[in-house]
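Chain identifiers are assigned alphabetically (A, B, ...) following the order of the sequence lines, protein sequences preceding nucleic acid strands; residue numbering begins at 1 within each chain.
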Amino acid sequence: MSAAGVPLAWYLILGAVLFALGAAGFLFRRNIITMFMAIELMLNAVNLTFVALAYYLGQVDGLVLAFFVMVVAAAEAAVGLAIILTVFRNRASLGIDEVQSLRN
Amino acid sequence: MDGLLFLIFAAIAVVSGLNVVLQRQPIASALSLVAVMGSLAMLYLLLGAQFIAAVQVIVYAGAVMVLFVMVIMLLNAGRERSAGASLMASALGVPLLAGLAAALAYVMLLAFPDPRPVRFGEFREGGAAQVGYALFTRYLLPFELTSVLVLIAILGAVALAWREGRK
Amino acid sequence: MQQLWLIPLFPLLGFLLNGLLGRRLSKAAINAVAVGAVLASFLWTLKVLGALWPLEAPHLERYFTWIQADQVRIGYDLALDRLSAVMLLVVTGVGLLIHIYSVGYMAQEGGYYRFFAYLNLFMFFMLTLVLAANFLLLFVGWEGVGLCSYLLIGFWFLKASASNAANKAFIVNRVGDFGFSLAIYLIFANFGTLDFARVFPAVSRQPVESGWGTLTAIGLLLLVGATGKSAQIPLYVWLPDAMEGPTPVSALIHAATMVTAGVYMVARCSAIYLHAPAALEAVAIIGLLTAFFAATIGITQFDIKKVFAYSTISQLGYMFLGAGVGAFGAAIFHLWTHAFFKALLFLGAGSVIHALGEQDLRRMGGLRGKTPLTFWTLLCAALSISGVPFTAGFFSKDEILLAAHHHAPWMYWLGTLTAAMTAFYVFRAIFLAFFGEPRGWRHAHESPPVMTLPLAALAALSLAGGYFDVPGFLAPLFPAAAGHHQAGLAAVAAGAGLAGIALAWLFYVARPGLAERTAARLGALYRLVYNKYFVDELYEAALLRPVVEGSRRLLWHKVDVGLIDGAVNGVGARACGVGGVLRLIQSGNIRSYAAWVLLGSLVALLAALAGGSR
Amino acid sequence: MNLLDAVLALPLAGFLLLLALPREREEALRRLALAVALSAFLLSLGLAAGYRTGAAGFQFVTDAAWISQPKIRYHVGLDGLSLWLVLLTTLLTPVGILVSWRAVSRRVKEFYALFLLLEFGLIGVFIALDLVLFYVFWEVSLVPMYFLIGVWGHERRIYAAVKFFLFTMAGSVLMLAGIIYLYTYAGTFDYTELLRLESSGALHFRPTEGWLLFLAFFISFAIKVPLFPLHTWLPDAHVEAPTAGSVMLASVMLKMGCYGLLRFSLPLFPQAARDCAPWIVALAIAGIIYGALVALVQPNMKKLVAYTSVSHLGFVVLGIFTFTPLGLDGAVYQMVNHGISTGALFILVGYLYERRHSLEIADYGGVATPAPNLAAVFMITALASAGLPTLNNFVGEYLVLQGAAQADFRWAALAATGVILAAGYMLWLYQRVFFGAAPADVGRQVYDLGRREWAAMLPLLALMVWLGTATETFLPAIRDTNARILEQTRSNVEVRVELRRPPLEVAR
Amino acid sequence: MTAAGFLPGGVEFLRLLPEILLVLAGTLVMVLEGIGGRRRGPVLARLSLGALAAALAAAFVAHRYGGPAFSGLAASDGFATFFRVVVIAAGGLVALFSGAYLRRESAERGEYYALLLYSVAGQCLMASAAELIVLFIALEISSIASYVLAGYLRSDRRANEAAVKYFLLGSFATAFLLYGVALIYGATGSTRLADIRQALAGPLPPPGALVAAAAALLFVGFAFKVSAAPFQVWAPDVYQGAPAPVAAFLSAGPKAAAFAGLLRVFLTAFEPVSEQWEGIVWTSALATMIIGNFAALLQSNIKRLLAYSSIAHAGYVMVAVAAHSAVGTAAAMFYLAAYVAMNVGAFAVVSYFARRGERYVNVEDLAGLGWRQPAAAALLSLFLLSLIGVPLTGGFFGKFYVFKAALEARLVWLTVLGLLNSAVAAYYYLRIIVVMYMHEPGEAVADLPAPGPALKATLWASALATLALGIFPSRVLEFAASAAALGR
């Protein structure tokens with residue numbers, strides 16, 4: 001199985017695009033959970049970049065980094081969701097736009 | 001062949017990524033995020049990172065996303081209502097994002113002009129063995145740190161989610 | 001060493017004693033201190049003069065350094081030459097008489113000790129002025145006498161008019177002093193010293209300035225100072241108001257001594273003026289104009305002291321004329337005689353006021369019988385000032401007019417006319433006061449001897465004072481006043497005086513009421529003169545109000561509060577405004593925050609890609 | 001630890017001591033503060049006695065290490081310029097304490113503590129020979145004054161205090177920038193070292209640099225002086241400050257600016273200083289006339305006096321920037337004079353306020369009748385500040401104007417008008433307050449000077465006469481210091497306009 | 001190659017002793033929290049204080065045995081020691097005065113102290129990390145703990161909001177940071193700062209665009225944590241919403257640690273390409289100062305005001321970074337030390353004053369404090385004066401050194417503008433003093449209890465530090481200078 005693949009740059013560009021998409025989600029979604037998921041999307045994009053670069057450099061380190069990113073993401077998820085929970089308890093809503101009592 | 005695979009999964013990834021952004025229904029976003037992750041796992045395989053691909057599916061798509069879905073269900077977060085809006089975000093959002101994507105993509109093209117196609121199987125370091133070895137040798141410190149991190153995550157989650165009532 | 005410094009010192013001690021302890025001292029003690037101090041310096045003056053006679057060369061005494069300006073020493077140095085000798089005699093002599101007179105005059109007044117303290121202080125400064133051996137010390141005396149005049153004019157400070165007059169006097173004098181001080185700076189800058197003994201020789205080594213030059217500038221600036229102190233056009237306005245002060249003050253300060261300081265200073269600086277003809281000419285013209293102009297006003301006044309005040313201005317004008325035409329000796333001569341008869345006039349007027357408690361000529365009349373001594377002494381003074389032959393005034397005035405004629409005939413004629421007017425208004429005052437029927441006063445009484453004795457002494461001096469040949473005495477100091485004696489001119493001048501007297505007789509004794517009719521006929525002109533040509537009003541409108549209102553409305557309200565503070569507060573407001581705008585970033589909305597983060601990162605990204613953009 | 005350090009340390013010690021004491025025992029606090037201030041004054045007399053005129057360089061020098069890198073040293077010393085200003089400070093502090101004895105009744109402890117801290121800072125400013133040390137004292141003196149105005153002041157005290165602080169701060173940060181920038185050139189903060197470098201020509205800036213550096217220092221000094229048009233903080237600060245505050249502010253703090261000009265601006269940046277001189281002189285003269293005119297029409301006594309300060313300090317700046325020995329001597333002399341006479345004026349106004357509780361001139365009149373002594377003292381002070389010969393201000397003004405006349409006669413001519421106006425506003429003020437018949441309530445409220453009030457005024461009156469007549473007590477030290485400063489400003493500067501020699505110089 | 005080469009030797013543990021101690025202590029506290037009975041709060045508080053003290057000592061031990069650790073991923077050098085001391089001290093001060101506050105809110109539980117200790121541990125590690133991924137994880141440890149702390153009062157809506165904002169934006173920014181790591185990894189093939197430096201300085205440097213982008217993205221990540229413009233947006237809301245002690249903590253430890261990371265990364269790894277990022281830093285510094293100071297002018301809520309002030313101070317430090325020199329680094333270090341002392345002190349007073357439920361957090365509420373609680377007010381004034389930068393306080397020499405560094409780097413305009421900014425800043429700090437001393441006491445101070453011993457201790461400690469740094473800064477500065485020579 002050896003058909004011409006695509007240049008590495010494509011993977012990286014895909015990563016960039018997904019990163020931007022994640023950012024877009026953070027910007028345009030109004031549901032806290034969705035925003036959080038958008039961040040996860042961004043992290044995935046970064047991971048893709050790591051992996052692609054690992055391939056490019058022929059090193060395992062990139063993969064290790066990707067692995068750590070996953071762990072961190074998991075940890076963030078746990079705390080993040082807990083925080084979201086408390087917000088929901090106090091506000092009975094996940095609408096981010098309701099969460100702006102702190103302002104000038 | 002693997003060029004085709006790339007295109008397919010890249011397409012899936014982008015489309016479901018878009019879906020994450022466009023869906024007003026959190027659960028839908030969650031599911032499409034799972035799809036993104038799945039396709040990314042495939043791309044990892046293409047890049048010869050079997051171990052990461054596996055972890056991606058098991059931990060990420062599996063555990064983390066399940067957690068998300070669970071919370072969504074728990075708080076039965078319905079369609080989001082649009083209360084108030086951010087002028088800043090809606091006005092600048094699209095051009096900014098476009099700019100960001102463009103800039104990054106441009107950097108990539110500039111930095112990796114090498115036209116040689118990515119070939120499946122060229123990179124053989126991606127196995128669990130190699131990753132594991134790296135983890136427990138060169139990257140011992142961060143690995144240990146992740147344990148602390150997870151510990152904090154648990155502690156934090158407890159500290160926040162705990163209800164006095166249950167004492 | 002003749003211990004010249006003792007001469008001013010005695011009055012200073014008198015001042016300190018009376019000033020610090022006066023409130024606890026008895027009247028007698030105060031008198032003793034005050035009069036004693038002046039007497040002491042008078043006697044010491046005589047002693048010194050006796051010792052130094054005939055005082056060919058100036059006698060200089062250096063005491064200690066006052067200010068060491070860079071390399072230049074400005075010291076407490078006193079000098080005595082024939083010029084200052086004359087002044088010393090006038091100041092201490094007349095001063096003594098007036099001190100004695102005041103004992104009687106002020107007997108009933110409150111603040112007795114204050115009065116005599118001030119009077120002594122004045123003597124101190126006046127003597128410093130006269131004895132000063134350099135310009136700065138002269139300036140000390142100059143300002144000091146101004147201060148005392150301020151204090152004494154405002155002696156009755158409960159009266160607004162008094163304190164106003166006092167302020168006016170001081171401030172107008174300050175305008176003059178402004179010129180004087182500039183002259184001093186110029187002298188120092190050009191000659192590197194302020195000592196008379198160094199400046200004048202240096203000056204006389206200069207060529208005579210044909211046109212405009214430093215010396216001329218100095219001369220004119222000095223003249224500005226002189227016009228202030230000696231009440232010449234345009235700065236004479238303070239002197240009439242100064243009559244708010246007690247009459248002895250008017251006599252001592254505003255007739256005999258202080259106001260003549262200007263003349264003294266001009267004479268002292270003759271070296272400069274002789275090398276700056278333009279400046280000298282200015283002196284002459286200002287003097288002449290003042291003499292004439294003041295005389296016209298004098299004719300129309302009814303306040304007896306005002307009449308004499310304008311007469312003083314006029315007579316000072318004469319002295320300036322004299323100096324201006326180069327007859328410095330004559331000017332000082334007139335200063336000398338004037339000191340006697342004008343002091344006498346004032347003291348006499350004081351005695352009258354003391355008798356009636358009234359200053360308005362229209363409410364006097366017929367006092368001759370009641371206060372004969374005052375009358376006769378006043379008459380002597382009047383004759384003398386009118387230049388009736390063989391009185392003191394005759395000689396001095398004659399000298400001046402002669403010199404004037406030699407300098408420029410028209411000056412002589414105008415001077416003569418002035419002389420006539422002088423005679424007229426003085427005798428007008430005499431006749432209105434002592435002749436005719438009493439107008440509105442009940443009882444009057446002659447003053448006590450402590451007042452009349454000085455009157456008598458002065459009367460004698462104003463008759464005989466002319467026989468002391470001051471010009472001759474001063475000849476070594478000044479180039480001989482040109483123009484030999486011309487009997488004709490003298491006769492004309494004397495005639496003019498007599499004519500004036502005759503006219504006064506006609507108007508106020510022979511044909512009472514004629515004056516009113518004439519005044520009515522003259523109408524507008526009379527009113528103009530009667531109101532002193534509205535000069536005060538003019539100054540008020542043209543100088544005072546613009547300055548005050550301008551400062552308040554424009555400088556303070558507009559510039560200070562409006563512009564500068566406005567700008568400052570504006571900056572403050574602007575800053576807060578910026579803050580207000582920046583606060584808008586903090587909308588509290590996460591997604592717009594995210595947009596900021598995004599914006600920032602994109603900018604950073606692009607900037608970095610651009611390869612670092614400073 | 002020589003005498004000078006002791007003089008500096010004493011107030012600081014007093015400050016700490018006061019902080020430690022209980023606030024209830026107010027009389028004791030007052031006494032202690034007075035004792036400290038007086039002993040500081042007596043010590044400083046020792047300085048005057050021990051000062052050797054003509055000796056080169058600084059005296060009573062202490063040069064101890066403070067901060068290692070960059071080298072910032074505790075380097076203090078005294079010369080003819082600082083000597084009298086230090087004495088002025090140490091003299092006026094006890095006077096100020098006496099003046100506030102009854103006037104300050106609340107928060108006594110803090111008041112006197114801050115007052116001593118203020119003295120500490122002020123003395124430090126005048127003796128610091130290290131630029132950073134100077135800046136430190138400069139700012140330290142700012143804080144207590146801010147509190148004195150803000151806490152013990154009158155109605156609009158807060159506005160005034162903040163304005164005062166911000167004005168000074170805005171200036172001083174620029175100075176800080178200047179100091180540091182200078183360091184990046186010279187590699188030292190030490191004043192004497194800098195002088196050496198400057199005169200050896202080691203400090204050559206590019207023209208613009210020199211100018212900017214000069215301005216950085218100049219602006220902060222000009223604000224402090226205050227030089228027209230940067231003066232608007234002064235009237236507010238004065239009107240609102242408590243009497244003692246006004247005294248210290250007018251008498252000493254304003255001198256910090258003038259001192260800075262002489263100590264730093266001229267010697268360190270001679271070229272720029274000479275280049276800017278005409279403009280600065282223009283501002284100074286504008287200030288002289290402007291301040292006098294505005295003072296003329298003030299309805300509020302303190303404001304009036306404040307504006308006279310603007311006018312008087314215009315003379316100082318004028319004198320400094322004539323670059324003539326006379327001008328500089330006069331400027332320094334005038335600093336001291338103004339300290340004495342304006343300080344006295346503020347004290348007297350304070351006395352009036354204590355009696356009538358108003359600063360409005362309109363609320364007074366005829367005070368001379370119930371309070372003849374007060375009237376007499378006020379008269380002498382007013383005359384002093386109006387520049388009457390034999391009193392202090394005359395000498396300073398004469399020297400300044402004479403110097404100005406040597407540099408450019410027109411300057412003298414313009415500036416001298418300020419002297420006329422001085423007589424105007426002073427006598428007019430005096431007339432409206434003291435002359436005339438006293439209204440009933442004035443007669444009731446106003447009483448004559450008390451013993452403590454005399455005690456505060458007498459030394460000042462004595463000094464007015466002393467400074468006015470026996471100038472040789474003070475001038476020699478000033479003279480040779482100024483000579484050195486001028487020497488410094490001539491060093492490697494091509495003087496564009498050489499001073500006009502007398503065209504008619506004959507007395508060879 | 002064998003694993004043996006990678007197993008850390010004993011000394012390497014010593015080099016990370018502070019972190020290890022803190023983590024262990026945190027865990028211990030957490031466990032005890034589970035088993036301990038009532039009144040355990042104060043005990044745990046003392047325990048954690050002890051742990052922090054020990055860690056402080058350990059920091060010096062680690063310094064004594066300085067050197068790389070764990071195959072060069074971390075390093076215990078002077079730089080690390082300096083920041084370890086700073087953040088541990090900050091954590092200690094906060095822990096010291098948190099107790100009273102938490103008791104008042106009846107929320108003194110072990111988790112709080114555990115999280116605090118963990119967070120401090122993370123910050124220490126940030127200071128000593130020599131490799132990007134370690135740095136990243138350390139950052140996450142510090143951040144996640146502080147996210148939770150921000151929302152620690154879970155029933156308090158403001159706290160929730162603060163937490164969620166902090167968390168979401170924080171992880172958002174983290175993503176950028178990570179992306180930057182990825183790019184630099186791709187460019188140089190390593191994430192070790194030393195290697196990166198070599199690669200960038202080496203004969204055949206990696207593609208400039210990639211490096212530039214990496215630098216930019218990394219800067220974004222750090223700039224967010226130090227709340228530099230335009231990434232400061234989160235700070236005011238979070239500081240205002242978070243409990244006062246936590247706000248104090250956030251403004252001190254994480255900020256200092258993030259600066260440590262920033263300095264280390266940019267002055268070792270990216271030093272060779274400084275021209276590519278100094279412009280960004282310059283701009284950000286200026287913007288930060290301006291936004292911080294000017295926005296603070298109109299604040300009425302004192303916590304928010306202090307938040308803006310802490311933004312402004314980040315700007316000043318950023319000026320030192322912009323100088324990118326050893327002197328600048330030393331200046332930044334000194335500044336942060338001084339800043340931590342005075343800022344924690346100020347927040348301590350606020351937390352003491354706020355009362356239950358933070359009723360009184362407006363500037364006006366402080367009216368008359370100066371005469372009701374002279375000591376507290378005087379110390380607060382001291383801190384404020386130090387924040388203004390008045391001499392004889394640490395704040396002054398902080399600014400002094402920062403701008404000296406800037407001028408030596410010829411950043412003239414940045415200096416002038418910065419100094420003018422500090423003059424503007426004087427206004428809003430003075431306002432607080434004005435209210436305390438020049439306004440008549442209001443109801444807020446009427447029933448104010450005297451400060452407790454712990455608070456007193458905190459205040460005096462901070463005050464002493466502030467004064468010490470202001471009067472005898474030499475020792476600290478010398479140490480900073482010796483430690484500042486990064487990557488050389």
Side-chain angles (χ1 to χ4, degrees), chain A residues 8 12 15-16 19 22-23 26-27 32 35-36 38-54 56-59 61-62 64-69 71-73 75-91 94 96 98-104, chain E residues 132-134 136-137 139-141 143-145 147-148 150-183 185-192 210 236-242 295 298-301 304 308:
Chain A
L8 180 81
L12 296 171
F19 190 84
F26 192 90
L27 229 58
I32 301 179
M35 295 172 80
F36 190 16
I39 293 175
E40 294 294 339
L41 180 52
M42 294 166 81
L43 293 180
N44 273 281
V46 177
N47 263 357
L48 176 58
T49 318
F50 268 124
V51 175
L53 290 170
Y56 165 76
L57 297 163
Q59 295 178 341
D61 304 52
V64 177
L65 302 185
F67 170 81
F68 283 127
V69 174
V71 180
V72 170
E76 275 190 353
V79 172
L81 290 171
I83 291 176
I84 293 173
L85 211 63
T86 56
V87 174
F88 184 81
R89 282 190 190 145
N90 286 305
R91 286 193 162 73
L94 293 174
I96 191 62
E98 279 101 71
V99 189
Q100 44 177 308
S101 65
L102 298 173
R103 57 188 300 174
N104 288 89
Chain E
L132 284 172
I133 207 67
V134 174
F136 168 66
I137 294 176
L139 181 72
E140 279 300 311
I141 293 177
S143 307
I144 291 184
Y147 299 152
V148 180
Y152 180 72
L153 298 177
R154 48 194 172 213
S155 50
D156 175 37
R157 302 177 92 244
R158 285 173 304 179
N160 300 148
E161 178 169 348
V164 77
K165 279 180 174 172
Y166 191 23
F167 168 70
L168 284 176
L169 289 166
S171 14
F172 186 60
T174 312
F176 285 86
L177 180 78
L178 262 183
Y179 208 99
V181 176
L183 293 187
Y185 169 67
T188 62
S190 167
T191 51
R192 292 161 188 269
L210 199 55
D237 296 6
V238 173
Y239 286 23
Q240 183 186 351
L298 297 175
Q299 291 309 326
S300 56
N301 178 310
R304 209 171 171 81
Y308 281 110

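Of the possible polar contacts, one joining the A:Asn90 side chain to the E:Arg154 backbone as a donor-acceptor pair under 3.5 Å is found. A donor-acceptor pair is defined here as one N or O able to donate and one able to accept, closer than 3.5 Å; no such pair exists between the side chain of E:Tyr185 and the backbone of A:Phe50.
Both the backbone and the side chain of E:Leu178 come within contact range of chain A, with heavy atoms under 4.5 Å apart. For chain A, the nearby parts of E:Phe176 are the backbone and the side chain; heavy atoms of each come within less than 4.5 Å. Only the backbone of A:Leu12 comes within contact range of chain E, judged by heavy atoms closer than 4.5 Å. Heavy-atom distances place no part of E:Leu139 under 4.5 Å from chain A, backbone and side chain included. If you measure heavy-atom distances from A:Ala16 to chain E, the contacts under 4.5 Å come from both the backbone and the side chain. With a 4.5 Å cut-off on non-hydrogen atoms, A:Phe26 touches chain E through its side chain but not through its backbone. Heavy-atom distances place both the backbone and the side chain of A:Ala23 under 4.5 Å from chain E. Both the backbone and the side chain of E:Leu168 have a heavy atom closer than 4.5 Å to some heavy atom of chain A.
Annotation: maximal heavy-atom pairing with chain E below 4.5 Å, among A:Val72, A:Leu43, A:Val79, occurs at A:Val72. Ranked by non-hydrogen atom pairs under 4.5 Å with chain A, the options E:Asp156, E:Leu132, E:Val164 are led by E:Val164. For chain A, the option among E:Ser300, E:Ala150, E:Gly189, E:Ser190 with the highest count of heavy-atom pairs below 4.5 Å is E:Gly189.
No side-chain heavy atom of A:Met35 sits less than 4.5 Å from a side-chain heavy atom of A:Leu27.
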Item to check | A:Ile83 vs E:Tyr166, side chain to side chain contact (heavy atoms under 4.5 Å, CB included): CA-CA, chis, key distance, verdict | outcome: CA-CA 10 Å; A:Ile83 291 176; E:Tyr166 191 23; over 6 Å; no
Next on the checklist: Before you tell me yes or no, could you show the steps for A:Phe36 and A:Ile32 under side chain to side chain contact (heavy atoms under 4.5 Å, CB included), namely the whole-Å CA-CA distance, both residues' side-chain angles and the distance that decides it to 0.1 Å?
Outcome noted: CA-CA 6 Å; A:Phe36 190 16; A:Ile32 301 179; 5.5 Å; no
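Applying the side chain to side chain contact (heavy atoms under 4.5 Å, CB included) rule to A:Arg91 yields the partners A:Val87, A:Val99, A:Ser101, E:Arg157, E:Asn160, E:Glu161; only residues at least two apart in sequence or on another chain are considered. When the side chain to side chain donor-acceptor pair (under 3.5 Å) test is applied to E:Thr191, the partners found at least two apart in sequence or on another chain are E:Glu131.
The nearest pair of heavy atoms linking E:Ser171 to A:Ile39 is OG-CD1, 3.7 Å.
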